[in-house]
Amino acid sequence: MRSTRILNLMLVLTMFGLLILPPAYGDGKWTILRNDDFIRDDGVWGHLQDVEFVNGLNGWAVGSDGLILQTTDGGKTWTQTIIEMERQVYFWNVYFRDESVGFITGTRGTILKTTDGGQTWEFKEAINESRLDREGNPAVLRRRLIDAWMVDEQTGYMVGENDTFIKTTDGGESWTGTGKRVAVGNTRNNFERIHFASPTAGWIVGSFGTILRTTDGGETWENQDAGVDNNLKGVDFVDENTGWIAGQEGVILHTQDGGVTWTKQETNSYDSLYDIAFVNPQTGWAVGDFGTILHTTDGGQTWTRENAGNLPSLYAIDAIDTAHRWGVGEGGIVIGLGQ
């Protein structure tokens with residue numbers, strides 16, 4: 001009877017996320033580097049939506065209510081950066097072109113740029129060429145910006161909700177493009193991720209199986225059909241031909257010919273995946289709902305679920321190599337490779 005009561009208590013605690021598990025799990029040796037809000041209780045609250053490391057020590061994570069965190073010790077400790085804003089925004093993406101130049105994007109068309117490795121940030125605006133203001137001039141874009149990529153020092157792109165697509169040709173000082181206005185109740189198509197494998201070859205993925213490819217550095221884009229209608233959330237390529245896409249209901253797609261053809265890889269998971277990262281043609285990870293971490297060492301021919309314990313949903317992953325990888329998610333949790 002006593003053992004039954006203990007088991008029942010553990011089940012209840014697990015359901016409510018109150019069972020504290022050991023910090024390292026499974027063969028992947030993932031370690032909780034920063035606990036969720038409930039356990040940590042340090043006054044810094046919010047979900048983390050994205051993570052970016054420029055090397056094994058220096059990284060950033062961003063999320064809800066204007067949350068920006070920075071680490072200089074590989075994720076062991078994090079400090080918060082406070083940005084004064086008239087209205088609080090949800091940050092969706094952090095992207096660094098190199099160790100100095102980076103961008104943070106979020107709701108209401110928010111763009112922050114740094115040129116000193118995140119010590120200071122400046123607001124930038126994007127012009128929505130598909131709308132006019134009251135004076136008849138192109139309006140400021142107010143769509144949610146979800147992802148960014150710089151092709152070179154001057155040219156870059158950002159994508160977001162309602163088919164938002166904007167471009168810079170001056171290193172991110174100014175941005176122009178289009179973002180649709182969709183009425184409540186109508187179908188919304190979001191561009192979720194943009195990724196370039198080279199200065200010319202790039203992909204955009206999004207809602208309802210959207211896959212777009214460019215072979216001219218983003219000047220023109222063509223549709224690619226993978227035969228799925230899942231919402232696609234993450235994309236990563238190790239070269240111009242070899243890449244993967246992850247998305248809704250555990251879908252992972254793979255191409256070996258630059259996206260001319262896509263094959264669905266078996267994941268044995270129905271949990272939605274929000275991001276995917278490969279460090280070489282064989283080794284990669286995908287993360288998603290309910291703390292899901294999938295791992296492959298054979299290019300995705302087989303995916304195994306890593307036993308990460310009772311983690312909340314994970315929204316992003318970044319991996320430099322097999323020894324340096326991080327994931328972030330719900331409640332501000334950060335996990336990394338155990339050292």
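Note that these values count all heavy atoms, side chains included, but never hydrogens, waters or copies made by symmetry. These figures come from a predicted structure and were not determined experimentally.
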Derivation and outcome, side chain to side chain donor-acceptor pair (under 3.5 Å), residues E99 and N55: CA-CA 8 Å; E99 293 190 3; N55 52 47; 3.2 Å; yes

Parallel, tilted or perpendicular: rings of Y95 and F103 (30°, 60°): parallel

Between NZ on residue K124 and CD1 on residue I104, distance to nearest 0.5 Å: 14.0 Å

Minimal non-hydrogen separation, V151 against G217, with atom names: CG2-O, 4.2 Å

Flag if over 12 foreign heavy atoms under 6.0 Å of CD, Q70: yes

Donor-acceptor side-chain pairing of W303 and E266 below 3.5 angstrom: no

R144 NZ/CZ over W92 ring centroid, <6.0 Å and within 45° of normal: yes

Shortest non-hydrogen contact between G299 and Q265, atoms and distance: O-NE2, 3.1 Å

F208 CZ: over 12 foreign heavy atoms closer than 6.0 Å: yes

Aromatic ring pairing W203/F237, orientation class (parallel under 30°, perpendicular over 60°, tilted between): parallel

D65 and V89, any side-chain heavy atoms less than 4.5 Å apart: no

Closest approach of V54 to D98 (non-hydrogen atoms, all atoms of both residues): CG1-O, 3.8 Å

Within the 6.0 Å centroid threshold, strictly below: F191 and F165: no

Salt bridge (Lys or Arg N to Asp or Glu O under 4.0 Å) between K113 and E122, worked out: CA-CA 5 Å; K113 179 186 177 182; E122 295 182 349; over 6 Å; no

Verdict with supporting geometry, N268 and T304, side chain to side chain contact (heavy atoms under 4.5 Å, CB included): CA-CA 8 Å; N268 294 314; T304 58; over 6 Å; no

Test log, rule side chain to side chain donor-acceptor pair (under 3.5 Å), inputs E125 and W175: CA-CA 7 Å; E125 283 189 343; W175 299 81; over 6 Å; no

I204 and W221, any side-chain heavy atoms less than 4.5 Å apart: yes

Test: R34 cationic atom under 6.0 Å from W326 six-membered ring centre, within 45° of axis: no

Steps toward side chain to side chain donor-acceptor pair (under 3.5 Å) verdict (T114, D116): CA-CA 6 Å; T114 181; D116 56 15; 2.8 Å; yes

S198/E240 under side chain to side chain donor-acceptor pair (under 3.5 Å): CA gap, chis, key distance, verdict: CA-CA 7 Å; S198 71; E240 290 190 3; 2.7 Å; yes

Residues R193 and D50 bridged, charged N to O under 4.0 Å: yes

Lys/Arg-Asp/Glu bridge criterion (N-O < 4.0 Å) met for E219, K167: yes

Smallest separation among heavy atoms of L33 and G74, with atom names: CD1-O, 4.0 Å

E192/K233 ion pair, N-O < 4.0 Å: yes

More than 12 heavy atoms from other groups under 6.0 Å of CD on Q282: yes

W149-H195 aromatic ring centre distance below 6.0 Å: yes

Test log, rule side chain to side chain contact (heavy atoms under 4.5 Å, CB included), inputs I68 and Q80: CA-CA 6 Å; I68 303 174; Q80 183 178 13; 5.9 Å; no

Parallel, tilted or perpendicular: rings of Y315 and Y274 (30°, 60°): perpendicular

Test item: side-chain donor near acceptor, T283 and N280, under 3.5 Å: yes

Pair W60 and F96, ring centroids less than 6.0 Å apart: yes

Closest non-hydrogen atom pair, D239 against N241: OD1-N, 2.8 Å

Exercise: identify the closest heavy-atom pair between E84 and F123: O-CE1, 3.8 Å

